[in-house]
2 protein chains.
Amino acid sequence: MRTIIIVEEMNKIKKTKQREAILEILKNTKSHPTADEVYQKVRQKIPRISKGTVYRNLKLLTENKEVMKIDTGGTEGRYDARVENHYHFRCESCGKVFDVDVPVDTELDKKVSQKTGFNITHHVLEFRGFCSDCQKKAIISPSGDKNKEEV
Amino acid sequence: MRTIIIVEEMNKIKKTKQREAILEILKNTKSHPTADEVYQKVRQKIPRISKGTVYRNLKLLTENKEVMKIDTGGTEGRYDARVENHYHFRCESCGKVFDVDVPVDTELDKKVSQKTGFNITHHVLEFRGFCSDCQKKAIISPSGDKNKEEV
DNA sequence: AAGTAAATAGTAATGAGAACTATTATTATA
DNA sequence: TATAATAATAGTTCTCATTACTATTTACTT
C-alpha cells in the first residue's frame, strides 16, 4: 500500500501593472462589470493589454478571494470587489446587476444543512425583476416576444 | 406622425413527438438535467433527433411555463419540470443540483421592492457546498488547486 | 548583472447555445 | 380523404464567452 501525501505548492505570484489596474477598476466601481467591460476600461490605461490577460487575472483574483465572481444568471460572469457575501438584483430587461443591502441570513444555511445533510458553505440570492429605468421605458413587453408588427 | 400599433401574433404551436418526449423526460426525473443530458436521454427514444431541436424545445417549453430553466451558476443551463418557485442546492465539487424544500420567502421580495424601488417579480436562491457523496470522497481539496504532488 | 520562472500579447481552440435552410410533419380546410 | 398552408425538424454553420497555447517579455532572486 502506497502512502499518498498531498503537497500544495505555493505558486509565487508576481506583481504586474495589468493585474493591479484590473483590481483598481473593480474597487472603484459600484457596478458589477463583465470581463469585457473590465477589458474596455483597463485598455484606457494599458492599451495593449490582451483579453486573455484580463480573464486570467480575474480568475486569479477570484481564487485569491480579492474579488468575487457573480455567476448567477445570464451567460456572462460579472465581477465584484466586495468579497463578503451579499445579495444582488438583476434586471431581466437590461441585464444590469445591483447590490441589495439586506442582511445575509446565515441561519438559513445551518437550518438547511441540518435538514438535508449537505455541507452548505453559503448561499447566493438574486432578486429578479425590472429596474427603475426599464420600468419607465417599458413600452415593448420584455417577455421575449418577437411577433411584433408596425402598421 | 405615424401611429404605431403593436400586434402580437399568436403562433399556433403544433404537437410533435420530439417536444412531448422532452417534456416527458423532464417530468420523470428528479435531477435537473442539462440540455445535453436531455439530448442523450431523448436519443434513446428518437435516435435521429437533433441537438438544435432539444434546445429550441427547451426554450419554448420554458417560455410557455411548462418547464423552468435554472440559470443560476455555472455555464450550462439546467431544466426542471417543477415550475413553481423553489430553492436549490448546487454541489461545488460535482456540479449536481438538488431541490431544497423550505418555504419560499415571498415577503422578502415585497420588503426589498419597497426598500429599493425595483419591481421585483421573484428571487432565485441557491445553496452551495458539498453533497453527501462528495463529502465522503473528498480526499483532494475541491478548491480548484492544481499544484498537487504524489510522493 | 544574470538566471529563473511567472506573466504577457496574440492567436487558436473549446463549448454552450442560437441561427439558418431545405425538407418533413402536423393541422386546417375543401 | 386529399390538399394546401405553415410550423417543426435535422443537420449544418455561426456566435460569443472563456480557455488553452506559445513565443516573448517582465518581475523577482541570488
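Naming: A, B, ... by sequence-line order, numbering from 1 per chain.
- Protein atom CD of A/E76 is 14 Å distant from nucleotide atom C1' of C/dG17, rounded to whole Å.
- Residue B/V54 is the one, among B/V54 and B/T75, whose nearest nucleotide of DNA chain D lies closer to the 5' end (criterion: closest heavy atom).
- B/V112 approaches A/V102 most closely through the heavy-atom pair CG2-CG1, 4.1 Å.
- Applying the side-chain hydrogen bond (donor to acceptor under 3.5 Å, both in side chains) criterion to A/K110, with sequence neighbours excluded, gives A/E107.
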For residues 43-51 of chain B, which side-chain donor-acceptor pairs fall under 3.5 Å, sequence neighbours excluded?
| residue | atom | partner | partner atom | Å |
| --- | --- | --- | --- | --- |
| B/R43 | NH1 | B/Y39 | OH | 3.2 |
| B/S50 | OG | B/G52 | N | 3.4 |
| B/S50 | OG | B/T53 | N | 3.3 |
| B/S50 | OG | B/T53 | OG1 | 3.3 |
| B/K51 | NZ | B/D36 | OD1 | 2.8 |

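- We find that NZ of A/K12 is positioned 19 Å from P of C/dG3, with the value rounded to whole Å.
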Would you check, one step at a time, whether the test side-chain contact (heavy atoms from CB on, under 4.5 Å) holds for A/K59 with A/T62? CA-CA 5 Å; A/K59 201 177 185 186; A/T62 303; 5.7 Å; no

Please write out the pairs of protein N or O atoms and N or O atoms of nucleotides 1-4 of chain D separated by less than 3.5 Å, giving the distance to one decimal.
none

List the atom pairs, with distances to 0.1 Å, where a side-chain N or O of residues 64-74 of chain A and a protein N or O form a donor-acceptor pair under 3.5 Å, not counting sequence neighbours.
| residue | atom | partner | partner atom | Å |
| --- | --- | --- | --- | --- |
| A/D71 | OD1 | B/R128 | NH2 | 3.4 |

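- In this structure, B/Q18 does not reach the C/dA25 phosphate: none of its side-chain N or O atoms is under 4.0 Å from OP1 or OP2.
- Sorted by first and then second residue, the pairs that involve residues 85-106 of chain B and meet ring-ring contact (aromatic ring centres under 6.0 Å, His included), not counting sequence neighbours, are A/F118-B/F89, A/F118-B/F98, B/H32-B/H88, B/H86-B/H88, B/Y87-B/H123.
- Judged as a side-chain hydrogen bond (donor to acceptor under 3.5 Å, both in side chains), and not counting sequence neighbours, B/T75 has no contacts.
- Ranked by how close their nearest DNA chain C nucleotide is to the 5' end, B/G77 and A/S50 are led by A/S50.
- Not counting sequence neighbours, the partners of B/T106 by the side-chain contact (heavy atoms from CB on, under 4.5 Å) test are B/V104.
- The stretch residues 30-49 of chain A touches DNA chain C through A/R48, A/I49, each having a heavy atom within less than 4.0 Å of the strand.
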Please report the C-alpha distance between B/C131 and B/S93 in whole Å, then the side-chain angles of each, then the deciding distance to 0.1 Å, and finally whether the side-chain contact (heavy atoms from CB on, under 4.5 Å) criterion is met. CA-CA 8 Å; B/C131 73; B/S93 180; over 6 Å; no

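- Residues B/R19 and B/T16 have side chains in contact (heavy-atom distance under 4.5 Å, counting atoms from C-beta outward).
- Axis angle, first five pairs versus last five pairs of the helix from C/dA1-D/dT30 to C/dA30-D/dT1: 30°, rounded to 10°.
- If you take CD of A/E63 and C1' of D/dT18, they are 14 Å apart, rounded to a whole angstrom.
- Here B/D99 pairs with B/R82 under the salt bridge (Lys or Arg N to Asp or Glu O under 4.0 Å) rule; sequence neighbours left out.
- Grouped with A/V124 in a hydrophobic cluster is no other residue, since no side-chain heavy-atom contact under 4.5 Å to another Ile, Leu, Val, Met, Phe, Trp or Tyr is found.
- Note: CG (B/L60) to C1' (C/dA18) measures 14 Å, nearest angstrom.
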Could you encode protein contacts along nucleotides 19-30 of chain D as a string, one character per nucleotide from 5' to 3', using B for base contact, S for sugar-phosphate-only contact and - for no contact, with a heavy-atom cut-off of under 4.0 Å? B-------BS--

Stepwise, does the side-chain contact (heavy atoms from CB on, under 4.5 Å) test hold for B/L60 with B/I13? CA-CA 10 Å; B/L60 219 135; B/I13 285 168; 3.6 Å; yes

